[in-house]
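Both backbone and side-chain heavy atoms feed into the values below; hydrogens, waters and symmetry mates do not.
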Amino acid sequence: VPKMLQVLQTVKDNDALGESLDILHEMIKKFGFFHWSDQVDLINSLLELFSRANASSRDVLVRKKCILCLSALANHLDAGLLEKVLRTCINAFTGQMPKAHTLSQQQSAQLKSQVTCVSSLVASVGDKQGLLLSESIPTLIGLCEQDEDEQEECD
């Protein structure tokens, strides 16, 4: 994990990051029950990669792989770290949300990633998300009530 963490924090090439995230995801699935000493740094690195502003196809792939890692790791986090992950993902899309028809392609890709992250975490941790989920439900409902052409994010 320390070597993977170093790669996540220093490598800027999305192909290398994608491969590293694939390996990390497999490690978490197989050995997630271990409480690594650098778990906080790992979470921070994953959240930083997830929060990147670019919407290139390569960045979207990195965000998707971050979501897989975060979801796999979520069940093994203590309450404080789990709340940080959930709060970061929920705050990312409950912030200032314009109507779907006014979203740029970059904003639309970011929104899809954010909704996917929240849904993956909710599916992964179940009732552990507590009251944080109630903060995101109104935004999700608002997205789904828009015109049918704009409901792609609700599927």
Side-chain angles (χ1 to χ4, degrees), residues 1-98 103-137 139-140 143 152-155:
V1 172
K3 293 286 185 189
M4 296 302 297
L5 185 57
Q6 181 182 2
V7 169
L8 295 179
Q9 293 173 339
T10 59
V11 173
K12 301 299 180 203
D13 176 55
N14 283 336
D15 290 331
L17 279 173
E19 292 296 323
S20 298
L21 288 167
D22 284 339
I23 294 167
L24 181 62
H25 180 240
E26 288 300 315
M27 286 175 54
I28 293 168
K29 285 189 339 187
K30 290 183 177 152
F31 306 108
F33 54 89
F34 289 112
H35 286 276
W36 298 306
S37 59
D38 43 14
Q39 199 173 44
V40 173
D41 292 333
L42 181 61
I43 291 296
N44 289 336
S45 294
L46 288 170
L47 289 174
E48 183 179 322
L49 286 172
F50 172 75
S51 300
R52 279 186 177 177
N54 296 332
S56 71
S57 61
R58 297 268 188 223
D59 283 344
V60 170
L61 184 63
V62 167
R63 277 199 307 271
K64 286 179 181 180
K65 291 180 182 202
C66 283
I67 292 168
L68 290 174
C69 291
L70 289 168
S71 295
L73 196 54
N75 276 329
H76 308 289
L77 298 176
D78 63 36
L81 277 177
L82 178 60
E83 181 175 351
K84 178 181 180 173
V85 170
L86 287 166
R87 171 108 20 229
T88 299
C89 293
I90 289 172
N91 287 346
F93 89 94
T94 58
Q96 315 254 327
M97 180 60 59
L103 293 175
S104 68
Q105 183 178 1
Q106 178 180 355
Q107 290 172 318
S108 181
Q110 187 79 5
L111 175 62
K112 289 176 188 176
S113 294
Q114 292 161 347
V115 170
T116 300
C117 187
V118 171
S119 63
S120 295
L121 288 169
V122 168
S124 185
V125 299
D127 63 349
K128 290 183 186 179
Q129 77 267 4
L131 299 176
L132 292 176
L133 188 60
S134 66
E135 295 175 21
S136 61
I137 294 297
T139 303
L140 285 172
L143 287 171
E152 186 174 327
E153 287 84 8
C154 297
D155 294 338

Inset, instruction - For the residue pair Leu81 and Leu73, establish whether any side-chain heavy-atom pair is separated by less than 4.5 Å. - result: no
Legend entry - Smallest separation among heavy atoms of Cys66 and Leu21, with atom names: SG-CD1, 3.9 Å
Legend entry - Shortest non-hydrogen separation from Gln39 to His76 and the atoms involved: NE2-O, 3.7 Å
Inset, instruction - Please name the pair of heavy atoms, one in His25 and one in Leu68, separated by the smallest distance, quoted to 0.1 Å. - result: CD2-O, 3.3 Å
Legend entry - Option among Leu49, Leu42, Leu46 that satisfies the side chain to side chain contact (heavy atoms under 4.5 Å, CB included) test with Cys69: Leu46
Legend entry - Validation row: Leu70, Ser120 side chains within 4.5 angstrom (heavy atoms): no
Legend entry - Nearest-0.5 Å distance that lies between atom CD in Glu19 and atom CG in Leu24: 13.0 Å
Inset, instruction - Over all heavy atoms of both residues, which pair between Lys29 and Ala72 is shortest? Give the atoms and the distance, please. - result: CG-CB, 4.3 Å
Legend entry - Spacing of Leu61 atom CG and Leu17 atom CG [to the nearest 0.5 Å]: 10.0 Å
Legend entry - Ile43 to Val85 - nearest heavy-atom pair and separation: CG2-CG2, 3.5 Å
Inset, instruction - State, with a plain yes or no, whether a side-chain heavy atom of Asp41 is found less than 4.5 Å away from one of Leu8. - result: no
Inset, instruction - Taking the side chain as every heavy atom from C-beta outward, state whether Asn44 and Lys84 have any pair of such atoms under 4.5 Å apart. - result: yes
Inset, instruction - Starting at CG of Leu5, measure out to OG of Ser20 and round the result to the nearest 0.5 Å. - result: 11.0 Å
Legend entry - Residue pair Lys12 / Gln9: nearest heavy atoms and the distance that separates them: NZ-O, 4.2 Å
